[in-house]
Amino acid sequence: MISSINSAPLERENEYLFGWDPTPGIVSVWAQRDGQAIIWQREGEHVTRTEARFYPWLFASTLDDLTSFRTPPDNVAAASTLRVSQAGRKYPGADRLVNAVPGSGHSNGATIWYRELDGPSDAYRYLIAARDWRTLERAIVSGAARRLDRPIKSLNELEDSYYRVGPVEQYLMYSGRVYFRGLNYEDLHRLQFDLETTALDPHRGRIFLIAIRDNRGLATTLEASTPEDEARLIGALCDLIRERDPDVIENHNLFGFDLPFLEQRARVLGVPLALGRQLPGGRAAVLERLQETLAIGPDARRRTRYSVAGRELIDTLDAVRRHDFVMRDMPSYSLKDVARYFGIASADRVYLEGAAIFDTYRRDPATVRRYALDDVAEVDGLSRRLLGAPFALASMAPRRYERLASAGPAMGILEPMLVRAYLRAGVALPRQGNQQGEAAMHEGGAVHLFATGVAERVVKADVASLYPSLMCTFQIGPARDRLGVLLSILGRLTDLRLAHKVAARTARPGSIEANHHDATQAAMKILINAAYGYMGAGSMALFADSRAADEVTRRGRAILTQVLDALRQHGMALIEADTDGVYFAVPAGWTEEQERALVSKIGAELPEGIHLEYEGRYRAMLSHEVKNYALLTYDSRLIVHGVALRSSRAEPFGERFLRQALLCTMTGDIPGVRKVFLETVAALRSRTLTAADLAARVRLSKTPESYLAIKNTRPEPAYEALLRAGRTRWYPGERVRFYRARGKNNYVWLPEETAETSTSNDWLERNEQDIAVTPEQRGAIAGRRDYDVEHYVRTLVTSYAERLRKAFAPEDFDQLFSPDQPGLFDRPVESIEPVWIRC
DNA sequence: ACTCACCGGGG
DNA sequence: GTGTACGGTGAGT
């Protein structure tokens, strides 16, 4: 546990970060506009439901809309009139809402309170609350319509004057409660379900099987053998979910596929989707849909988000996208690929082509059951791998867990925490958008490419958390954050994260404690990294401050410059630098100790609070372009960064050549480069390589129909290869191999050799009659050697050797990668050197 | 050949 | 009721 010193500022900082109400075990909150909140709490395997009242509230920059009519006008319904009243004790913290609206009308009807807050005149200086949100909204809307003398339909049109959040956020911000206090991720009851359907479109297909599992031991399938049985199947799903009573429902693409499909089928069949927990009336909550806009601007997309009382709905696809947003190295976001990427796919996992699932089910239902259960098991694995941090965030930020799992870290998480702090302190909220003197041009981090070529003895050093450290060290926060909440939170997070990192390292690996501390430090990292981005956010962010953000990047560039200057002074050879990190080469004969000593010496000269870290050392580096390089570790692993050094075609012979040539180049073995190149050319010309070595593997995107429509205007090799092989059926998404044989545009399809690559099993069965390919024949095709040799020699040079161009002088490059005999004026290969980057 | 729009996922 | 982007590909000239 993290010890805390009992001091008032620390107490306040903890409240900023974690809220203040100690209620433990909240696993779900449902709040409505009428001021009713329902809270589900878990204690062991027991879940209790309680009800609470809250007073819907918002921040306002003006009271004009509430005071503009003093007596109820004839055309306004009685319900929207105002009655002055003292707030009673029943409202928690009601003392903060005691001022009555002066001189408002008072007929029977609703009560609205307000409190004037401390703050500048252009801020949201009033906190307004009412018994019921609709009362509040109606009063403001009709007041504004009167004041502005035009029809106003909703608060949306008054964004300038009012700041509001959703009902659950209102409840959590006001009460100081958060989710999951005292719970571990393993305590959550999580259930995964996955639909198997006869088509992707619910108008054309139906559900025939549902796999369900949970982390309390359930793993089963529900099935509908006939179309007439589908309604019963949906009912059985709802019953089972209510019986198991999970806190969380999860699946991959839950919001994009399973729930819309389920909703449509339930609608057609007239089955209620009672997936939620029981509400006070005794009825089970029904699935609700909400529209959600993702991103703003030209690329804005809408999606439907679903919600249900009492359970959190989690789409692991969101978590995957977020993970890749940071990592940027995932091949695809499909469940199967992602499971393999994380190493959570089991060895005997069943793979089926999507379009073949239903047919397979009719022949062999057991296989489809296993397949679907493998799916939900992988979703559980993904959840454990990816949702720990959102879980930890939910015990800090005043939002639902399901929202924190996909919310943007700045506007979606950090800002609600700031608003909660201002609400708690009773201080006016700054208004967004009116930033004076728009900072001229925003300059970001510095990127330098100092040298291209090959370096030996390379060290990577970088400044740990550069931007947040600068914010803390120089106390650069948003000018409008009068309470200094952002910097407080940031400082506290930095300390706590360090402690959690240490705790995670000392706990037994894989233990509940280790997972908890690791998830918490990951959550804190998300918030820490969001702090700078939030200041630079657009005008929609309440506390955005582009000048402060510029100040941070300016100081960041200065720090980087200081590091680079120091390295140069010490005679290091700079290679490339980007924002907060640098690659450089050290002199021959240097030891790791010397490298580390240099980094810490330079780091010691940096301002207090800015830490330069020794991140790694490499035997060699090929610098190609900014952010495009290859590294060779001291244990001889090759690491390739950036698209410029990768091949998208991935023909095995080319990949192999590139790896070997990179290794030789980086170890200075230029004869080796020439040798590998000539050997590859020779293997092509002697047809030692087989078709399988040359085949490109691509993913099909067109259906047979759509390809046939454009075949004559734009033939594509992959489809041509299939058609020539007699295959007239395939599925978009299928990956196929093909190679180019002798003869004009003669592309040959190469069936997969083993059954392990799932993609082809199904169509092979379907096409078996059409084309009569036996396993032996498959092997025979893969071993064919009738490829177009000169085409592949050209590919070798233009597509693979090309990636080594920066490593050599132009004439040396041409000589090294000439497939022909040495020319008259060629120099001996032994005398060719790569372009060295040296001290 | 080149630009523009759209998609990514799910059966 | 609120906040990614980037690379690949298809369609349209």
Side-chain angles (χ1 to χ4, degrees), chain A residues 154-157 159 162-169 194-202 204-211 251-262 265 290-303 305 307 315-318 320-322 324-326 328 330-338 352-361 368 371-372 375 379 399 403 406-416 432 530 533-534 536-542 544 643 646 648 698-703 706-707 709-710 713-714 716 718 731-733 762:
Chain A
S154 81
L155 272 176
N156 299 348
E157 300 170 50
E159 280 181 343
Y162 299 94
Y163 179 86
R164 68 201 164 114
V165 296
V168 175
E169 284 81 1
D194 186 47
L195 306 184
E196 302 304 331
T197 65
T198 58
L200 281 171
D201 178 355
R204 298 199 308 116
R206 62 179 175 90
I207 306 165
F208 65 89
L209 183 147
I210 305 176
N251 197 18
H252 203 64
N253 206 14
L254 182 69
F255 294 128
F257 178 72
D258 297 82
L259 290 180
F261 202 108
L262 196 55
R265 298 309 299 161
L290 311 150
Q291 284 296 315
E292 188 179 47
T293 311
L294 296 175
I296 226 123
D299 239 5
R301 263 148 228 243
R302 281 204 116 66
R303 82 155 176 186
R305 183 174 187 107
S307 202
D315 191 336
T316 49
L317 178 58
D318 288 333
V320 165
R321 286 202 181 105
R322 179 186 282 185
D324 193 48
F325 190 67
V326 185
R328 306 204 160 280
M330 301 191 55
S332 98
Y333 297 164
S334 79
L335 177 63
K336 284 80 179 166
D337 288 345
V338 172
L352 288 174
E353 194 66 37
I357 291 172
F358 185 51
D359 284 349
T360 309
Y361 179 70
V368 175
Y371 165 82
D375 270 6
V379 170
R399 301 197 73 189
R403 305 308 302 267
S406 60
M411 296 292 284
I413 305 177
L414 215 41
E415 184 163 283
Q432 72 274 39
Y534 179 72
S539 58
M540 289 306 284
L542 285 177
V643 285
R646 289 177 193 277
S648 61
V698 301
R699 191 183 285 276
L700 302 180
S701 56
K702 298 182 174 75
T703 61
S706 58
Y707 180 68
I710 61 141
T713 48
R714 286 189 59 176
E716 294 179 38
Y731 303 107
D762 172 66

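Letters A, B, ... are given to chains in the order of the sequence lines, protein chains preceding strands, and every chain is numbered from 1.
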- For DNA chain C, what string of dots and brackets results from 5' to 3' when Watson-Crick and G-U pairs need both distances under 3.5 Å, crossing pairs get [ ], and pairs with another strand get |? .....||||||||
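- One atom, CZ of A:R206, and another, P of B:dG10, lie 22 Å apart when rounded to the nearest Å.
- Within the nucleic acid shown, A:I357 comes within 4.0 Å of sugar-phosphate atoms alone, with no base atom in reach, counting heavy atoms only.
- A:N251 has its CG atom 15 Å from the P atom of B:dG9, to the nearest Å.
- Rounded to a whole Å, the OH atom of A:Y333 is 12 Å from the P atom of C:dG7.
- No engagement by A:L254 is indicated, since no non-hydrogen atom pair under 4.0 Å with the nucleic acid exists.
- Annotation: side chain of A:V379 is not in contact with side chain of A:D194 (no heavy-atom distance under 4.5 Å).
- No engagement by A:G205 is indicated, since no non-hydrogen atom pair under 4.0 Å with the nucleic acid exists.
- On the C1' atoms, B:dG11 is 26 Å away from C:dG7, given to the nearest whole Å.
- Side-chain contact between A:F257 and A:L200 is present, with at least one heavy-atom pair separated by less than 4.5 Å.
- What separates NE2 of A:H252 from P of B:dG11 is a distance of 9 Å, to the nearest Å.
- Rounded to whole angstrom, the span from the CD1 atom of A:I413 across to the P atom of C:dT2 amounts to 13 Å.
- Scanning atom types as modelled, no donor and acceptor separated by under 3.5 angstrom connect the side chain of A:D258 and the base of B:dG10.
- For A:S332, the side-chain atoms get nearest to B:dG9 when compared with the rest of B:dG10, B:dG9, B:dG11.
- Side-chain polar atoms of A:T197 and A:R265 form no donor-acceptor pair below 3.5 angstrom.
- When distances are taken from the side chain of A:R164 to each of B:dG10, C:dG1, B:dG11, the shortest belongs to C:dG1.
- Within the 4.5 Å cutoff, the side chain of A:D315 has heavy atoms near those of the A:N253 side chain.
- Going from the P atom of B:dG9 to that of C:dT2 covers 26 Å, rounded to whole Å.
- Remark: A:D258 engages no residue in a salt bridge (charged side-chain N to carboxylate O under 4.0 Å, His left out) (not counting sequence neighbours).
- Atom CZ of A:R399 is separated from atom P of C:dG1 by 11 Å (rounded to the nearest Å).
- When the side-chain nitrogen and oxygen atoms of A:R403 are compared with OP1 and OP2 of C:dT2, one or more of them lie within a distance under 4.0 Å.
- In terms of modelled atom types and a separation under 3.5 Å, the side chain of A:H252 and the main chain of A:K336 share no donor-acceptor contact.
- In this entry the distance linking CG of A:D315 with C1' of B:dG9 reads 9 Å, nearest Å.
- B:dG10 atom P lies 10 Å from atom CZ of A:R321, rounded to whole Å.
- Comparing C:dA5 with B:dC6, their C1' atoms are spaced 14 Å from each other, to the whole Å.
- Residue contacts shown for A:D375 are limited to sugar-phosphate atoms, with no base heavy atom under 4.0 Å away.
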- Go through the steps for A:L352 and A:Y361 under the test side-chain contact (heavy atoms from CB on, under 4.5 Å), then give the verdict. CA-CA 11 Å; A:L352 288 174; A:Y361 179 70; over 6 Å; no
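- Here the side chains of A:R403 and A:V168 are not in contact, with every heavy-atom distance at 4.5 Å or above.
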